[in-house]
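Heavy-atom basis, side chains included; hydrogens, waters and symmetry copies ignored.
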Amino acid sequence: MVSTAADRSRSKIPLAARRLDAAKLLKAQFAPDRVALVKPLNVGLVAERAAEKHGRVPIYLDQPFTWDPEQRVELDYVEFATLIDQMAAVMKAAGVKRWDRVVIVKTPNYDIQALAWAAARIGAIPALLSARLDPDIINILLERLQGKFLITDPEVAKYARLDGERLRHLGMTAIADIDGGIPVADLWGGRIPAPSPLKDDEPMMITHTSSTTGVSKLADACAKGVTYNSLMESIFPGFHTPGDLFASAISHVHIRAAITQAASFSRGTPLLGIAKPDNETMLRLLPQYRPTILESHPNNFMGWETLIDDPSEPFSSIRLYFNSFDAMHPRTIQAMLDASKRKFPVWLQCYGMTETEVVSVRPYTRGSFARLKGRDLRSVGWEVPGIRARIADPETGKRRSDQSQPGMIQVKTPSRAMSFIGTPEKFAERRHGKWFDTGDWGRRGRLGQIEILDRIADRIEGVESCLWIEDVLLERIPNAEEIVVVPDEQGKPVPVVCMRDGKPLDPEVWRSASAGITGLGVPLEVTPDDLQRTATVKARRYLLTEMIKHRDNGGLEAVEQEIVLRDGA
């Protein structure tokens, strides 16, 4: 294995070294060296195949894998695959068997997918939970999962109240240095087991939905579905190449992380794994490694707007921005495209969710965005090949004859989740034959693109789109970190405003910004912590509504626990 000290010489990357001209990009799209994804490939086998095919492609980290004995912040494909083999041996030594559910809930780190891939390699089913969920929600999901093994750490175990007594109640064995657990170090160094993944149409991984509307749902995905989305990403024009550096700053417990890592490994793309995407980390890593592709959540990008004017020019090397999980606010797209020093930077807006994986993509350049500004603000583009979407009547669940009329967005995709663990009735409610309700309200645009107007659970009677109002207000209030429009107890739209640097919202600025938007209630000003974010950095809108209801008598502290822990829509 290569030591961290030896790797340091390769980590200072000059900006010029990250330049890829159009000819190189085009040539890379037809490079024959790739891990085949045409047929389903279990994630438990991806790292090994990539190491054999591509060799020592670099992987840079913002922090070491918590279970890596050498505590390296720079790895390569071979070392990554070796760590997976070694962790699979640890799990085997702990007693993990085929079909056992192995729950992984630990301090956020890029190592989470490696743990999941190790479990899948030996035929177990990894279930990934975010450590950012409420402790009570974590425990509700643990009850539903009925897993046999738990991988965690002392900090998260204390936060989630997972002591020895609780583990005995759950019937779980902890592979962790906690009360009643088995430390990884005690099991390290055993015989590497032969791979024995489950079949392509059997459960491969369980991940959870965001908790924006209540307690998350648990969706199981199979190799067939994840591989399809990974294939589509790996062949997308101008995306992954061996000459790029892909910086991933997303929630690594999400199914999206499995998809994009598999696509990257397929193409031999160097990686920068970021688990803690705060300003300090980004200003340290981006100027050091100079990534060419950057993926994150919309709210992370919004927060990074404050970094654009830093002398280190952290976004200067980015040729491709990629956001998933939510529609992106136009203000942020414009700011990030302008921050790149590339001639033709591109923004890819991706629409998808845990239940369906990727659905559609919308590309923007500086020029196309400028031409479209003020129009198509809620557009998330067109369907990925092999995936179909339609606008359906909420009463009948059938396709609307006029697809430009707002309705439920339904999707037909080979990557649909198999079921919801613990709440199968909720999954059945959203199925319409081969079509599946996304939970979003939208329409088709004039060019056939999908336009997202609102989550169905967050719709306000008489308001065409709360998300559109948020876009307009953010454009008019540049110092706002985030604005979320939710209904109050009378169903009236109320903006929840979070300003940057703790500064209050100026009344004159508000009057000017809200001009022409009728029916808005008095804004509620909050701190970033009050937004009650999910693992994918979304605001938990239903809790903001409760804050508004109780704004005069304690805010969120006055909300009853059964409301906080209601089942999500």
Side-chain angles (χ1 to χ4, degrees), residues 1-3 6-7 10 27-61 65 67-70 72 74-92 98 110-124 126 188-200 204-205 222-224 226-236 239-246 248 252 257-273 293:
M1 292 187 178
V2 182
S3 70
D7 282 344
R10 72 183 182 186
K27 182 179 180 181
Q29 295 307 305
F30 298 98
D33 283 342
R34 62 185 70 191
V35 175
L37 297 176
V38 176
K39 295 181 180 179
L41 180 63
N42 191 288
V43 292
L45 304 176
V46 170
E48 177 186 279
R49 300 269 180 95
E52 293 172 351
K53 177 68 70 172
H54 302 298
R56 294 191 175 273
V57 177
I59 301 174
Y60 308 115
L61 307 169
F65 287 10
W67 40 280
D68 177 10
E70 297 186 42
R72 293 159 289 184
E74 295 187 356
L75 301 169
D76 58 42
Y77 278 21
V78 175
E79 293 162 341
F80 187 92
T82 300
L83 281 171
I84 288 176
D85 286 349
Q86 292 169 328
M87 181 50 73
V90 166
M91 294 183 192
K92 200 75 173 179
R98 286 171 59 83
Y110 195 70
D111 64 4
I112 288 173
Q113 283 297 318
L115 290 168
W117 292 16
R121 181 175 178 78
I122 57 175
W188 196 262
R191 176 176 167 272
I192 305 298
S196 57
L198 298 180
K199 295 178 181 178
D200 299 340
M204 180 182 72
M205 184 180 295
C222 64
K224 185 182 296 184
V226 170
T227 303
Y228 185 82
N229 261 259
S230 298
L231 173 64
M232 291 297 104
E233 179 176 328
S234 72
I235 64 175
F236 192 91
F239 209 138
H240 291 281
T241 77
D244 278 302
L245 177 62
F246 187 109
S248 179
H252 301 296
I259 294 167
T260 194
Q261 284 195 35
S264 298
F265 275 90
S266 168
R267 298 297 305 276
T269 306
L271 296 166
L272 172 57
I293 304 171

Checking side-chain polar atoms at under 3.5 Å, does Asp244 have a donor or acceptor matched by the opposite partner on Thr241? yes
Can you tell me how far OG1 of Thr82 sits from CD of Gln86, rounded to the nearest 0.5 angstrom? 6.0 Å
Just to verify, which of Val43, Leu231, Thr227, Val226 counts as forming a side chain to side chain contact (heavy atoms under 4.5 Å, CB included) with Ile259? Val226
For Tyr110, ring-ring contact (aromatic ring centres under 6.0 Å, His included) partners two or more places apart: His252
His54 side chain to Val78 backbone, donor-acceptor under 3.5 Å: no
For the side chain of Asp76 and the backbone of Glu79, is there at least one donor-acceptor N/O pair under 3.5 Å apart? yes
Within the 4.5 Å heavy-atom criterion, are Pro195 and Leu45 side-chain neighbours or not? yes
For Gln261 and Ser248, does a side-chain donor sit closer than 3.5 Å to a side-chain acceptor? no
Is it true that Arg121 and Asp85 have a side-chain N and a carboxylate O under 4.0 angstrom from each other? yes
Between Pro126 and Ala124, the two heavy atoms sitting closest are CD-O, 3.5 Å
CZ of Arg98 to OG of Ser196, rounded to nearest 0.5 Å, is 5.0 Å
Roughly how far, to the nearest 0.5 Å, is OG of Ser264 from CD1 of Ile293? 7.5 Å
Phe80 side, atom CZ; Leu61 side, atom CG - distance, nearest 0.5 Å: 9.0 Å
If I take atom CG from residue Leu271 and atom OH from residue Tyr60, how far apart are they, to the nearest 0.5 angstrom? 10.5 Å
Counting neighbours of NZ on Lys92 that are heavy atoms of other residues, nucleotides or ligands and sit closer than 6.0 Å, is the number greater than 12? yes
Exercise: identify the closest heavy-atom pair between Ala258 and Ser230: O-OG, 4.3 Å
Nearest heavy-atom neighbours spanning Ala47 and Ala81: O-CB, 3.7 Å
Interatomic distance, CG@Leu83 vs CG@Leu75, rounded to 0.5 Å, equals 6.0 Å
Under the 3.5 angstrom rule, does the side chain of Ser266 hit a backbone N or O of Val35 as a donor-acceptor pair? yes
Kindly give the heavy-atom pair with the smallest separation between Gly268 and Pro270, and that separation in Å. O-CD, 3.4 Å
In chain order, what residues pass the salt bridge (charged side-chain N to carboxylate O under 4.0 Å, His left out) check against Arg267, with sequence neighbours excluded? none
Show the numbers, then the answer: is there a side-chain contact (heavy atoms from CB on, under 4.5 Å) between Ile59 and Glu74? CA-CA 6 Å; Ile59 301 174; Glu74 295 187 356; over 6 Å; no
Decide yes or no on side-chain contact (heavy atoms from CB on, under 4.5 Å) for Ile235 and Arg34, but give the supporting numbers first. CA-CA 11 Å; Ile235 64 175; Arg34 62 185 70 191; 4.0 Å; yes
Using the side-chain hydrogen bond (donor to acceptor under 3.5 Å, both in side chains) criterion, which residues pair with Gln113? Sequence neighbours excluded. Trp117
Can you check side-chain contact (heavy atoms from CB on, under 4.5 Å) on Trp67 and Asp111, steps first, answer last? CA-CA 9 Å; Trp67 40 280; Asp111 64 4; 3.2 Å; yes
Fit a plane to each ring of Phe239 and Phe236, take the angle between them on a 0 to 90° scale, and name the class: parallel (under 30°), tilted (30 to 60°) or perpendicular (over 60°). perpendicular
